[in-house]
Undergrad: 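Sharing a structure here in structure tokens format.
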Amino acid sequence: MDKLSYNLYTPKPTHTEMSITTKQSTVKAFDSLPVAIGFLIAVLVFTMFLVGYDQGQLFSVVEGQSAYDTMWIHELTHDMRHAAGFPCH
Amino acid sequence: MKALTLVGITLSSGVIAGIILAFLNLGIVEPTIDKAIALEVQKQVSAGENVNMSELIDYRYWQKAGAFAGGAIYGAGLAALFGVIFVFARNKLPGKNNKQKAMFLAGIMWFVLFLMVALKYPANPPAVGDPDTIYYRETLYIGYIMISGLAALGMSVIWIKTRINSKKIIIPLMYAAIMVTAYVIMPPNPDKIEISMDLIQTFRVLTAITIGVFWGILGIMFGSLWDKFLSKEQTLAAKLY
């Protein structure tokens, strides 16, 4: 079959098929061990900041200076912070 | 290896272990936190401060509910570290199966990241910490965790790389020497303790137990899920040593 015939008679992938292919390649890109390890380390740093260290810093990004008085994250994780051995007020 | 599966089993085992920890704390540790807060309130009242009791009670309900979110977040975070170390260390961990290997690693991590740190900077209930020293205490605490964690990591690498017979004695002694030095050099917690030491000691023992149980559950969960979903997968470990 010449190239023209191939183009004419070979069925093109449908929109759905292309979407599945794209999704598979996206999943494949994230399904690599170095990416997983980097992600898990980011999770470690962020969660330890939330449970052990936040004194209003995270919400101050949107709430401004008052976040340091309300300390939502600190109060939410307060009892776990004490029970896990982290310093607290 | 199936990296997304690794992330899935790691975070789910951490979140489940963290929520179980929150349930345990609710029954075991919370009574001592409530007693410490009652002492704190008593002190405020004696000093002539106005304390809105109904607001305080509502607040405590919210904090106790928040402990479940806190447990899930705490569990996910420590499990993330656990998962990364397990991937690298699995081939060298003792144990006949992944559950035993995971349990062994969990025990080591509880010892290195909690118990050794608690000897220098033990957990305190409310009514002990001074808000003015919080950042200083946080720096000391994270510094000590880093010293203990990195020392253990260094000793593990030496353990794998050396072939001397007496390493079972020498390497733990090297870790002990580093931790004794750190214990002596690092400054003490600056806050004065003004409430009953009995209450504080009870709190410390109970938290060491519940955090130990948390690590145990994390190890069992992670090892079981690894056996179910990743038992046939090769890890990075083969390339490392």
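Naming: A, B, ... by sequence-line order, numbering from 1 per chain. If you're wondering where the values come from, they're calculated on a predicted model, not measured in any experiment.
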Undergrad: Rounded to the nearest 0.5 Å, how far does CE of A/Met80 lie from NZ of B/Lys64?
TA: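 If I round to the nearest 0.5 Å, the distance is 13.5 Å.
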
Undergrad: For B/Arg204, is it the side chain, the backbone, both or neither that has a heavy atom under 4.5 Å from a heavy atom of chain A?
TA: neither

Undergrad: If you draw a 6.0 Å radius around CE in B/Met186, do more than 12 non-hydrogen atoms from other residues or ligands fall strictly inside?
TA: yes

Undergrad: Can you measure from CZ (B/Arg137) to CZ (A/Phe86) and round to the nearest 0.5 angstrom?
TA: 13.5 Å

Undergrad: Which residue out of B/Ala22, B/Ala123, B/Ala80 racks up the most heavy-atom pairs below 4.5 Å with chain A?
TA: B/Ala80

Undergrad: Name the region of B/Leu78, side chain, backbone, both or neither, that has any atom closer than 4.5 Å to a heavy atom of chain A.
TA: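 Its backbone and side chain both get close to chain A.
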
Undergrad: Side chain to side chain contact (heavy atoms under 4.5 Å, CB included), that's the test. Do A/Leu40 and B/Leu11 meet it? Break it down for me.
TA: CA-CA 9 Å; A/Leu40 289 174; B/Leu11 296 185; 4.0 Å; yes

Undergrad: Counting only heavy atoms not in A/Phe46 (residues, nucleotides, ligands), do more than 12 fall under 6.0 Å from its CZ?
TA: no

Undergrad: Just wondering, do B/Val29 and A/Asp79 contact through their side chains at under 4.5 Å, heavy atoms?
TA: no

Undergrad: Compare all side-chain heavy atoms of B/Ile134 with those of A/Pro87 and state whether any distance is below 4.5 angstrom.
TA: yes

Undergrad: Below 4.5 Å from any heavy atom of chain A, which atoms of B/Asn25 appear? Answer side chain, backbone, both or neither.
TA: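 Just its side chain gets close to chain A.
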
Undergrad: Going through the checks in order, is the side chain to side chain contact (heavy atoms under 4.5 Å, CB included) test met by A/Phe39 and B/Leu6?
TA: CA-CA 11 Å; A/Phe39 175 74; B/Leu6 169 71; over 6 Å; no

Undergrad: Tell me, side chain or backbone of B/Ile142 under 4.5 Å from chain A's heavy atoms, or both, or neither?
TA: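 Both parts, heavy atoms under 4.5 Å.
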
Undergrad: Answer with side chain, backbone, both or neither: which region of B/Phe203 has an atom nearer than 4.5 Å to a non-hydrogen atom of chain A?
TA: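 For B/Phe203, the contact with chain A is made by the side chain alone.
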
Undergrad: At a 4.5 Å cut-off on heavy atoms, which part of B/Ile73 comes close to chain A: side chain, backbone, both, or neither?
TA: both

Undergrad: Please evaluate residues B/Tyr74 and A/Thr77 with respect to the criterion side chain to side chain contact (heavy atoms under 4.5 Å, CB included), reporting the C-alpha separation (whole Å), side-chain torsions for both, the decisive distance (0.1 Å), and the verdict.
TA: CA-CA 9 Å; B/Tyr74 178 74; A/Thr77 61; over 6 Å; no

Undergrad: Against chain A, label B/Pro125 side chain, backbone, both or neither, depending on which of its atoms sit under 4.5 Å from a heavy atom there.
TA: backbone

Undergrad: Establish, from distance only, whether the side-chain atoms of B/Tyr135 and A/Gln55 form a donor-acceptor pair under 3.5 Å.
TA: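 The criterion, which ignores hydrogens and geometry beyond distance, is not satisfied for A/Gln55 and B/Tyr135.
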
Undergrad: Is the OH atom of B/Tyr59 crowded by more than 12 outside heavy atoms at less than 6.0 Å?
TA: yes

Undergrad: Answer with side chain, backbone, both or neither: which region of B/Thr10 has an atom nearer than 4.5 Å to a non-hydrogen atom of chain A?
TA: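 It is the side chain, since no backbone atom gets that close.
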
Undergrad: Checking B/Ala118 against chain A: side chain, backbone, both or neither under 4.5 Å from a heavy atom?
TA: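 Interface part for B/Ala118: neither.
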
